[in-house]
Number of protein chains: 2
Amino acid sequence: MQQSIKLSVDAVVFGYESETISVLLIKRKYEPFKGKWAIPGGFVTDSESLEEAVERELKEETGIKINYLEQLYTFGKLNRDPRNRVVSVAYFGLIKPSAFKLSASTDAEEAQWFTINNLPELSFDHAEILKLAITRLQAKITYEPLGFELLDTKFPFSDLEKLYTSVLGRDIDRRNFRKKMLGLNILDELDEKVSKGSGRPANLFMFNKNRYFKLKKEGIIFEI
Amino acid sequence: MQQSIKLSVDAVVFGYESETISVLLIKRKYEPFKGKWAIPGGFVTDSESLEEAVERELKEETGIKINYLEQLYTFGKLNRDPRNRVVSVAYFGLIKPSAFKLSASTDAEEAQWFTINNLPELSFDHAEILKLAITRLQAKITYEPLGFELLDTKFPFSDLEKLYTSVLGRDIDRRNFRKKMLGLNILDELDEKVSKGSGRPANLFMFNKNRYFKLKKEGIIFEI
DNA sequence: CATACTATGCGTATATTTTAAGCTAAAATA
DNA sequence: TATTTTAGCTTAAAATATACGCATAGTATG
């Protein structure tokens, strides 16, 4: 059999900062779509798994090392890529932007965070991929406490609340949300407080990693 | 770039008959795993989309034409296939076995339904793929009324109930289940009855296609 | 320094949904 | 006449979701 399909991976990486969700994009250094923005990614080599490929590409093009990564969808339409037939396995990742400094290299001229309400025009079918990823993010956050991957280690409860209102795009009742979240028993309250601006200083929380992952493994379990 | 990865598609097709869920498998005609059972599938040609490839392979190897098909997961480990590096996009399908006659050809020596509690040894990593598909089926049926794809056009309510107990592997309260299902307003009660064995003859139902797909589109749904 | 303001933290009441199960009766077969 | 399956009504307890009141502990302001 003669098959000349090329296989690539792409990664939609979301981060949360300044009360909005952002996506990590790169500016393409080469044709096609040279100078245009795109989701980080690239071809899979013969000797690496798909996951290894995504991680490598992310590292190369943006300098980032991710720890939450899951498969999103495989895109295989005929003319996705103007050069050849390219099938791409898209991944979905989450990180804390504050923990990394972006540094573009290899195929990327530049790497940058874009808030999801202010996106540039994208290369290939990357707009479609991103759209699917956003849908997944919104669906996921209603039944899994993704905060662990997106917030700082220590955070006031209001940060978690803001993350949810931001991702879901609607208000949630602060008191009931708090009740429900604390009821999951995956947050540890610390003996530290932060005060930003006026108002009563907030207690800091941390996710309890063990209980968090145990809950996830059991296949969660809450509805916001 | 030199890349020699081959791309294939595989389809896990479930059917429901005689009160159990079955999977459609083929007996491989050629090496590797000649004579062993496998999930239907094969290589994607340069000029077809992934969906077209799955449909073609299913048609060739089993004679079946499917109308419910969705992407399951892409498997990309290094040594899935003893010959070369092969990455496979797995699909998940549902059909009514009664509506088709199996007829193997091309790469398949034989096509056959296996109940999921009585599976043969499988080729490649197909056991893993199947396991994931079963998990998906069980998860899906609790929030989507898959009955439409699996049952005959007209069916007694007890068939729907048995489908659920069979897939979920546990009893469900008949009265509450009926209440919930009928409450979804996607079933049309017919003026026909069937009597099988003893007991009061059951009224027949049909899924109301319009309301069924409308409900699905709205992304509803329900919890069993 | 008193007072206003603001975000936080806790509690309570009510509404809705889910789960469980009792009961009756109809329509068939054994 | 007994048994079985379907059909449907009904109630009660338990769990969840929703709405909202109010005290608290800080900062900001006159």
Side-chain angles (χ1 to χ4, degrees), chain A residues 18-19 141-145 147 151-152 154-166 168 170-206 215 218-224, chain B residues 18-19 139 141-145 147 151-152 154-166 168-206 215 218-224:
Chain A
S18 329
E19 308 189 5
I141 208 168
T142 64
Y143 62 86
E144 269 189 34
L151 299 179
D152 291 333
K154 298 173 181 183
F155 55 89
F157 198 87
S158 54
D159 273 15
L160 190 57
E161 191 200 323
K162 280 174 196 150
L163 166 64
Y164 273 76
T165 55
S166 159
L168 297 177
R170 62 178 163 87
D171 279 359
I172 44 183
D173 186 279
R174 187 169 36 86
R175 293 154 294 187
N176 292 332
F177 177 71
R178 185 185 179 101
K179 217 186 307 178
K180 190 171 284 182
M181 267 296 171
L182 293 181
L184 290 176
N185 198 30
I186 53 172
L187 289 173
D188 288 339
E189 191 163 1
L190 306 177
D191 264 343
E192 276 178 80
K193 293 181 196 297
V194 268
S195 185
K196 28 178 188 179
S198 75
R200 179 175 173 172
N203 233 307
L204 290 179
F205 287 87
M206 276 182 74
L215 189 68
E218 285 166 4
I220 322 272
I221 299 148
F222 71 106
E223 282 285 325
I224 290 300
Chain B
S18 329
E19 309 191 2
I141 207 168
T142 64
Y143 62 85
E144 269 189 33
L151 298 180
D152 291 334
K154 299 171 180 185
F155 55 90
F157 198 85
S158 54
D159 273 15
L160 190 57
E161 193 199 322
K162 280 173 197 150
L163 168 63
Y164 273 77
T165 55
S166 159
L168 297 177
R170 62 178 164 88
D171 281 359
I172 45 184
D173 186 279
R174 190 165 32 87
R175 295 156 295 186
N176 293 329
F177 178 70
R178 188 184 177 101
K179 215 187 309 177
K180 191 171 283 184
M181 267 295 171
L182 294 180
L184 290 177
N185 197 31
I186 52 173
L187 287 173
D188 288 340
E189 191 162 2
L190 305 177
D191 263 344
E192 275 179 80
K193 292 181 196 302
V194 269
S195 184
K196 29 178 188 180
S198 76
R200 176 176 174 173
N203 233 306
L204 290 180
F205 287 86
M206 278 181 72
L215 189 69
E218 285 165 3
I220 300 278
I221 281 311
F222 68 106
E223 281 285 324
I224 291 299

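Given the structure is predicted, the values throughout are model-derived calculations rather than measurements. Letters go in sequence order (proteins before strands), and every chain restarts at 1. Excluded from the calculations below are hydrogen atoms, water molecules and symmetry mates; all remaining heavy atoms, backbone and side chain alike, are included.
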Between the NZ atom in B/K179 and the CG atom in B/D173, the distance rounded to the nearest 0.5 Å is 8.0 Å
For A/F177, enumerate each residue passing the ring-ring contact (aromatic ring centres under 6.0 Å, His included) test, keeping only those at least two apart in sequence or located in another chain.
A/F157, A/Y164
Which donor-acceptor pairs under 3.5 Å do side chains of residues 190-206 of chain A form with protein atoms, sequence neighbours excluded?
{"unit_1": "A/E192", "atom_1": "OE2", "unit_2": "A/K154", "atom_2": "NZ", "d": "2.7"}
{"unit_1": "A/K196", "atom_1": "NZ", "unit_2": "A/D159", "atom_2": "OD1", "d": "3.3"}
{"unit_1": "A/N203", "atom_1": "ND2", "unit_2": "A/E189", "atom_2": "OE2", "d": "3.2"}

Can you measure B/N203 atom CG to D/dG8 atom C1' for me and round it to whole angstrom units?
12 Å
What's the CD-P distance between B/E192 and D/dT6, to the nearest Å?
17 Å
Please enumerate all residues that pass side-chain contact (heavy atoms from CB on, under 4.5 Å) together with B/D152, with sequence neighbours excluded.
B/S98
Expressed in angstrom and rounded to an integer, what is the separation of B/F155 atom CZ from D/dT6 atom C1'?
15 Å
Can you pull the ring pair (Phe, Tyr, Trp, His ring centres under 6.0 Å) pairs that have at least one residue in residues 178-204 of chain A, sequence neighbours excluded?
none
Do nucleotides 23-30 of chain D as a string where each nucleotide becomes B, S or -: B if the base has a protein heavy atom under 4.0 Å, S if just the sugar-phosphate does, - if no protein is that close.
-BBBS---
Hits for side-chain contact (heavy atoms from CB on, under 4.5 Å) against B/D188, two or more places apart or cross-chain, chain-then-number order -> B/N208, B/R211
Whichever of A/K180 and B/L204 has its nearest DNA chain D nucleotide further upstream toward 5'
B/L204
Nearest atoms (heavy-atom pairs only) where B/I186 meets B/P145:
CD1-CG, 3.6 Å
Atom pair NZ (B/K162) and OG (B/S18), whose distance is rounded to the nearest 0.5 Å:
11.0 Å
One should read off an interatomic distance between A/T165 OG1 and A/E19 CD, to the nearest 0.5 angstrom, of 7.5 Å
Going 5' to 3' along DNA chain C, between which two nucleotides do contacts with chain A fall, using a heavy-atom cut-off of 4.0 Å?
C/dT6 to C/dT12
Looking at DNA chain D, which of residues 170-179 of chain A put a heavy atom within less than 4.0 Å of it?
A/D173, A/R175, A/N176, A/K179
Once you round to the nearest 0.5 Å, how far does CG of B/N185 lie from CG of B/L215?
9.0 Å
Per-helix bend value, the helix from C/dC1-D/dG30 to C/dA30-D/dT1, C1' rotation axes over five pairs per end, 10° rounding, shows 0°
For B/R174, all residues meeting side-chain hydrogen bond (donor to acceptor under 3.5 Å, both in side chains), sequence neighbours excluded:
none
